[in-house]
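Working notes, structure below.
Within every chain, numbering begins at 1; the chains are lettered A, B, ... in the order of the sequence lines, protein sequences first and strands thereafter. What you see below is based on every heavy atom in this structure, not just the backbone, and it leaves out hydrogens, waters and symmetry mates.
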Amino acid sequence: MKINNYIFVKDISLKKNSLKNNRNFIAGSIIVVFMMIFMLVGMIASPYDPTAIDSSAKFQGMSLAHWFGCDNFGRDILSRVMEGTYATFKVAFGTVIIGTLFGIIVGALTGYYGGLIDEILMRINDSIFAFPSILLALLFISLLGAGTYQVTLALGIAFIPSFARIVRAEFLKAKNMDYVKVAKLMGASDFRIIFIHILPNTYTVLLSSIMIGFNNAVLAEASMSFLGIGVQPPDPSLGRMLSEAQIYLAKAPNYALFPGVAIILLILGFSLMADGIGRD
Amino acid sequence: MKFVIKKFVTMVITIIMVTLFVFIAFNLISGDAAISSLGTQATPERIESLRNELGLNDPVLVQYGRWAINFLKGDMGISYSYRMPVSTMIMDKVPVTLTMALIAFVLMLIFSIPVGIYTSKHEDGWIDRSIIIINQILMAIPPFFSGILITFLFGRLLKLFTPGGYISYDKNIFGFIGYMFFPALAIALPKATMAVKMLRSSVLKEAKLDYVRTAYSKGNSTNEVFYHHVLKNAMLPVITFFGMTLTDMIAGSIIVEQVFSVPGLGRILLTSISNRDYPVVMAIIVIISVMVLLINMLVDILYSVLDPRISIEDK
């Protein structure tokens, strides 16, 4: 019966839908803002030095002094999760910047001009796009070496094709619209049409793909540092903490729990925000 | 048929492009093989003669062709750090990774299709709402963390398997599959939740279209409309997604293998990356790439069989 209702009360169901999406967006923003504050507190007033080793506090459980407990070196887990969130965010931010910037340039030029270059670039793009980004990032890591900057660059490159694809589709659509034709008649340069006229009009699509980009970048960064090829020790990172915590799972489950929850909250926040923007 | 041939040709071209890129990239970073095997003290004449012998003076494309033919014959070079043929190192690892990805794929199908159908049929009921919230949270759990949770829950608390106690498939095939179930579950979970979400929104989108009203007005019951009309169309984008996840699962197994200490392709890839053992890294990347491209082609073909509009549009 539900499907039946759907047809005849189309308008009501649409309204209900957008309200629900806003709720997604609000929930997502709250989570992301919470994580930002958490991260900032860690930067300004971290309760302990995240790399300070205190052998007397090894595997201390959760207490008032150490809210999240201590790890195998007696380092404060709360401080490390804060610092690790910052590290994850830094890489995710860099990745999204590289991915969007080059994605916009490639997508805008190919979508706007079309022709042979478009054909060639899109063929290359499609074949890269077909690859799981983890594999692509691993390929670049094996060429560039491990480390924070290398991972940022590798993930950024791996993210370009998906952005380029989305931007290109938007430009293809916009290219034949009236406002673009008018702008052309008024003698606007191609550069102006691309960046001042068309680009701002793609913002909903861009914004939601940036959010999805953040979501994927956080996941990818955490995976990379989990594999030990991202942020290098002793600097804390959420993924690496998880891979270390895995050994002491029976002894100190809290060691694995908190970095894991931090990753989940980051991903959940960004994906909810993307949902909210995307389906307006 | 024309469509299939076209897809096949595109795939072969893509494989050549990708492997050529990988070949050139690895040749650039791994340096001169003649110098590295003779040492920097060797006389220029000796290096030159070895370069000739190894064919390093030939044009890149000739070298690539030689490498590709050898690769197809099963000669993938010699590992730097283990001094043994790469093919013997990795060939018995391929089935391990593939089995894991396949079990994960089946688990995803078993979970996502019924749940997706249920939630979309009972849209906005309280069960649907709670499933969606749980779904959204499960989607945000990265496979390596769900792997850790699964190890803790099923391994340590319920003692359904021994964490780290991998059983090889040539020793005990059932033990192997039983052990692989858990890493596969970790890989399947986020993908299955995504599929539920996609299937649900796809069904709801289809249900708004005009043909659904027509089907109703012809006197079909809700179930008839749902299973004969709506679901068939709604499954199309989901099938594309399934195809993409299979390739993602093969790549995702690289990470989950670490959690469950499964000696598959991923493990050996990571140790080889940190050892800078380029022949091994290159071989594994090429093998996984070819698998990915092959799966993509099969999905495209399957898709055109299910939705004939695709192959007509493509012509």
Side-chain angles (χ1 to χ4, degrees), chain A residues 1-8 10 13-14 16-17 24 27 123-124 126-128 130-136 138-146 215 218-219 222-223 226-229 239 242-243 245-246 249-250 253 256-257 259-261 263-272 275 279, chain B residues 10 13-14 17-18 22 25-26 28-29 120-125 136-137 139-145 147-149 151-152 155-156 163 201 203-204 207-208 212-213 216 222 225-226 230 244 247-248 250-252 254-255 258-259 269-270 272-274 276 278 281-282 285 288-289 292-293 296:
Chain A
M1 277 317 282
K2 265 278 135 57
I3 292 173
N4 217 346
N5 285 344
Y6 230 97
I7 300 153
F8 298 111
K10 220 182 219 171
S13 71
L14 273 179
K16 228 167 59 187
N17 238 359
N24 271 352
R123 278 273 163 277
I124 296 174
D126 281 350
S127 43
I128 302 179
F131 277 87
S133 52
I134 291 284
L135 187 65
L136 210 56
L138 281 177
L139 172 66
F140 285 118
I141 293 292
S142 56
L143 300 177
L144 301 168
N215 171 23
V218 168
L219 178 62
S223 318
F226 181 80
L227 297 178
I229 47 187
L242 269 180
S243 78
Q246 217 191 312
L249 202 55
L257 184 66
V261 169
I263 295 174
I264 293 175
L265 284 178
L266 280 173
I267 295 177
L268 187 64
F270 285 121
S271 70
L272 283 174
D275 262 19
R279 270 193 257 144
Chain B
T10 327
I13 292 171
T14 322
M17 264 168 53
V18 169
V22 171
F26 276 95
L28 283 179
I29 49 160
S120 53
K121 276 185 86 176
H122 299 262
E123 198 220 349
D124 277 348
Q136 191 80 35
I137 295 170
M139 206 186 327
I141 306 182
F144 50 89
F145 188 54
I148 291 175
L149 293 178
T151 314
F152 189 67
R156 299 249 179 257
S201 69
V203 166
L204 296 182
K208 283 180 197 155
V212 179
R213 191 180 347 194
Y216 270 117
T222 304
V225 174
F226 187 84
V230 176
M244 279 166 69
T247 60
D248 266 1
I250 291 175
I254 295 172
I255 296 159
Q258 299 294 91
V259 183
L269 175 62
L270 285 164
S272 306
I273 286 177
S274 51
R276 301 193 171 268
Y278 295 122
V281 177
M282 193 166 142
I285 286 184
I288 298 183
S289 314
V292 166
L293 292 170
N296 283 334

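Between B:Phe144 and A:Leu242, the closest heavy-atom pair is CE1-CD1, 3.5 Å. Across A:Gln246 and B:Val259, no two heavy atoms sit closer than the pair NE2-O, 2.8 Å.
Looking at heavy atoms from C-beta onward, B:Phe152 lies out of side-chain contact with A:Leu257 at the 4.5 angstrom threshold. Taking the side chain as every heavy atom from C-beta outward, B:Leu270 and A:Leu138 approach each other to under 4.5 Å.
Counting heavy-atom pairs under 4.5 Å between each of B:Ile285, B:Ile137, B:Ile255 and chain A puts B:Ile255 at the top. If you tally non-hydrogen atom pairs under 4.5 Å between each of B:Asp248, B:Ile148, B:Leu269, B:Ile13 and chain A, the highest count goes to B:Ile148. Chain A forms more heavy-atom pairs under 4.5 Å with one residue of B:Ile141, B:Thr14, B:Val22 than with any other, namely B:Ile141.
Contact of B:Ser274 with chain A is not made at all, since no heavy-atom distance falls under 4.5 Å. Residue B:Leu149 does not touch chain A at all, counting heavy-atom pairs closer than 4.5 Å. Of the atoms belonging to A:Leu268, heavy atoms from both backbone and side chain fall under 4.5 Å from chain B.
Taking the ring pair (Phe, Tyr, Trp, His ring centres under 6.0 Å) definition, one finds that B:Phe145 meets it with nothing, sequence neighbours left out.
With rounding to the nearest 0.5 angstrom, the CD atom of B:Gln258 is 6.0 Å from the CG atom of A:Leu227. To the nearest 0.5 Å, the span separating CD1 on A:Ile264 from CE on B:Met139 amounts to 13.0 Å.
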Are B:Ile254 and A:Leu135 close enough, and set up right, to give a side chain to side chain contact (heavy atoms under 4.5 Å, CB included), and what steps lead you there? CA-CA 9 Å; B:Ile254 295 172; A:Leu135 187 65; 4.2 Å; yes
